[in-house]
Amino acid sequence: MKIRSIANVGLETVPVDVEVDVAEKGFPGFTVVGLASKAVEEARERVKTAIVNSGLDFPNKKITVNLAPADLPKDGAAYDLPIAIGVLLASQQLLLPKDFNLENCHFYGELSLDGTLRPTRGILLLGLFAQAKRGTLFVPETSANEAGVVENITVIPVKTLKQLINHLLRTEEIPILKYIPPEEIADFHGIEIDLSEIAGQEQAKRALIIAAAGGHNLLMWGPPGTGKTMLAKALPGILPPLSPPEALEVTRVYSVSGMLSPGQALVSKRPFRSPHHGVSAAGMIGGGSNPLPGEVSLAHLGVLFLDEMPEFPRQVLEGLRQPIEDQTVEIVRAAGHVKYPASFTLIAAINPCPCGYLNHPRRECKCTDKQIAKYRHRISGPILDRIDLFVQVSVVEAEKLMLTTKRSANKITSKEAKNQVVMVRKTQEKRFKDRGIYTNSQMKNSDVKKYSQITPDAENILKMAAEKFDFSARSYYRLIKVARTIADLENSTKIMPTHMAEALQYRQMV
Amino acid sequence: MDFKKLINWEQVVQLQKLKALAHPPKDLYYIGNFDPKILSDCIAIVGSRRMTDYGHRVIEKIVPKLVFEKKAIVSGFMYGTDQYAHQVCVDNGGKTIAVLGWGINKKLSGYDKNLAEQIVKTGGLLISEWETQEGTNWTFPVRDRIIAALADEVIVTEAAVKSGALITVRDAIKLKRKVWAVPGPITSKTSEGTNNLIANGTAQMYLGETVQQILTFDNPILSILQNETLSTDEIARKLNKPVPEIGSELTILLLSGKIVERSGKYNLSE
């Protein structure tokens, strides 16, 4: 008896056939073969008990389950359901109607001892896999919504094994889960922190808008308690909304990680990931013997915020270089080789010194020069080279602001900022449509020459600055990219001197 | 860098002032081109290792003027005030004497080496009374007496209550040198020592140029920076103008040398 199921290797889906044989001869037993992990091995006990508790018989015969292809390692409890159905079919307790097309059905889900189905990860990937053949899915009801956003498939949300059997025998019909276009369920407008809620920090806010518009990575520099975290949290709210295909892309990663809450269909907000600096390299980049996505992939199409960046282990920071450059991560383990997307905006925050109070107007810094130099050296050049914008966040005396702020020239809400960002993203899309990139930050040096349209005056300013501040060649190009985004924000086809001059405000200073 | 021993320093007329010390140095070693003229008109600038923006500005304000008066700046080559005083002096083409708190043969590296080279290049000296001594907790106070003795006047720019700069002051007073202290905000820990010196009469208040120039500027940014050090955000707030505009103007002013920036704050260049 052959039941169709799948295995997710990274974000790729491989078909898995669950073959069940109930032999008339031989010593009674229950064996699972086919590179099954511990969780799959244990399916024997769950399946046995679930079948019995659903009021059916577990055959006292020699049962062999083969998960094919035999050389692909399989993990997770999702094979409980196909194994149970296989056993019932092979022992002829379940006789399918003649016109039932088992070939096009996929079973996937974890069983609990009483026969109910438990939330199972990776359902969205199963749905996308079945889409090509317009297949039918039998999946746990609690996770079924994930597949609801996939068109052209039939999703049967199953509550219990008993209910499924009745459905297959056509004594009780389980209603099909309706297809919901991603556009409809997505709540694309949630803003966690509005720019207008943050007092002061005008320049940092501007830097955020530039970062969002041009896809630039940003480093904020300043003492604790000045709102660096709040500023970072405001970034998802000014990024353009996720398009439905993007939302699906993000949801795939979350589905594989099992991070969707039961019943959740889609990740519709831009992810904001803020891993603690205790994170391991595998936690950041992804890993495990059966590699799962790391923070960089969970932040895909969103924001990765590294608070107190120098506190992160060197190895973890160096691991970020590849994902920042390639926008994907490749993880190689004995079990296989997987690729996860990792296109994120990096926001880093650093204190000016280990104690945090260097140059603080009211508090005394207790660090020695050596400690400060050591602290700053923890971030390597190659990482700093991948950050385009540097901005200082200084102490704001909030009560002072409240008293003096009239109608400020710098007041901006996230909604207004988002509109600017969306407009600039469109400009960039047009500019790079033949080039296969999306944002100014992705320009290579040759592209900078081709697309930046810098006026001679603006270039002169940059040259003067290069001499005064002793830039590297890389900084030179970085500043042109930032100036390009600023010019786009001002709706100018050329980079004017004022744009270049503003870009120089965000030059590297650590 | 090669060092030399100063043979019979007691014979050098300009070094007679060292003899006033209770314990004059036995030997003197130096790096640079020795010309006794540099020793004839010296002024010491001392202060905290950890200096604030204010300390930087004080040095930027007073050192160029002293260089213009052809005085040699004497200091202790320690990071912070000492090195900044040497640096501003050489930047302005002045001669400076660095009295090392360690033996002359110690290999310098990084910024120290770079600064030492600049000092020698502009005709200054690095001197020490030891050939091979390691720098350790007693050597620094000991060399302070040489700074005090070489200088005809001592200016303390910034000092906390327990600053090493105050040891130089004590030595200078014993030698009856004129001691100046730069007043600072009474809220600042790094000015507590200097303010105390003024308050108890040990030092005279140093105000740099006493006649304040009143300048008028066409540019509103320059006008508000006349009396204050401000960040981009603060300037934008005061003038109620958009940050992008202020930012780009600041860059232009910075490049034209009208203002200087230090850790995100701007002030007029002196």
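Here is how names work: the chains are called A, B, and so on, in the same order as the sequence lines, proteins then strands, and each is numbered from 1. Since the model is a prediction, treat every value here as computed from it, not as a measurement.
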Query - Toward chain A: residues of residues 242-252 of chain B with heavy atoms under 4.5 Å - result: Pro242(B), Val243(B), Pro244(B), Gly247(B), Ser248(B), Leu250(B), Thr251(B), Ile252(B)

Report task. For Tyr111(B), look at atom OH and say whether over 12 heavy atoms of other residues, nucleotides or ligands are found less than 6.0 Å away. Result -> yes

Requested in this report: For Ser492(A), check side-chain hydrogen bond (donor to acceptor under 3.5 Å, both in side chains) against everything at least two apart and list the hits.
Outcome: none

Requested in this report: Search all heavy atoms of Arg237(B) against all heavy atoms of Gln201(A) and return the closest pair with its distance.
Outcome: NH2-N, 4.0 Å

Query raised in the report: Where does Lys189(B) contact chain A at under 4.5 Å (heavy atoms): side chain, backbone, both or neither?
Result: side chain

**Report entry** Interatomic spacing from OG1 in Thr368(A) to CZ in Arg49(B) - rounded to 0.5 Å
**Finding:** 10.5 Å

Query raised in the report: Where does Ser231(B) contact chain A at under 4.5 Å (heavy atoms): side chain, backbone, both or neither?
Result: side chain

Query raised in the report: Which residues in residues 456-482 of chain A have a heavy atom less than 4.5 Å from any heavy atom of chain B?
Result: Ile461(A), Met464(A), Ala465(A), Lys468(A), Phe469(A)

Report task. Measure Thr498(A) against the heavy atoms of chain B and call it side chain, backbone, both or neither at under 4.5 Å. Result -> both

Query - Members of residues 254-262 of chain B whose heavy atoms come closer than 4.5 Å to chain A - result: Leu254(B), Leu255(B), Gly257(B), Glu261(B)

Query raised in the report: Quick one: CD1 on Ile372(A) to CZ on Arg50(B), what's the gap to the nearest 0.5 Å?
Result: 6.5 Å

Query raised in the report: Among Gln392(A), Gln203(A), Arg206(A), which residue meets the side chain to side chain donor-acceptor pair (under 3.5 Å) test with Thr232(B)?
Result: Gln203(A)

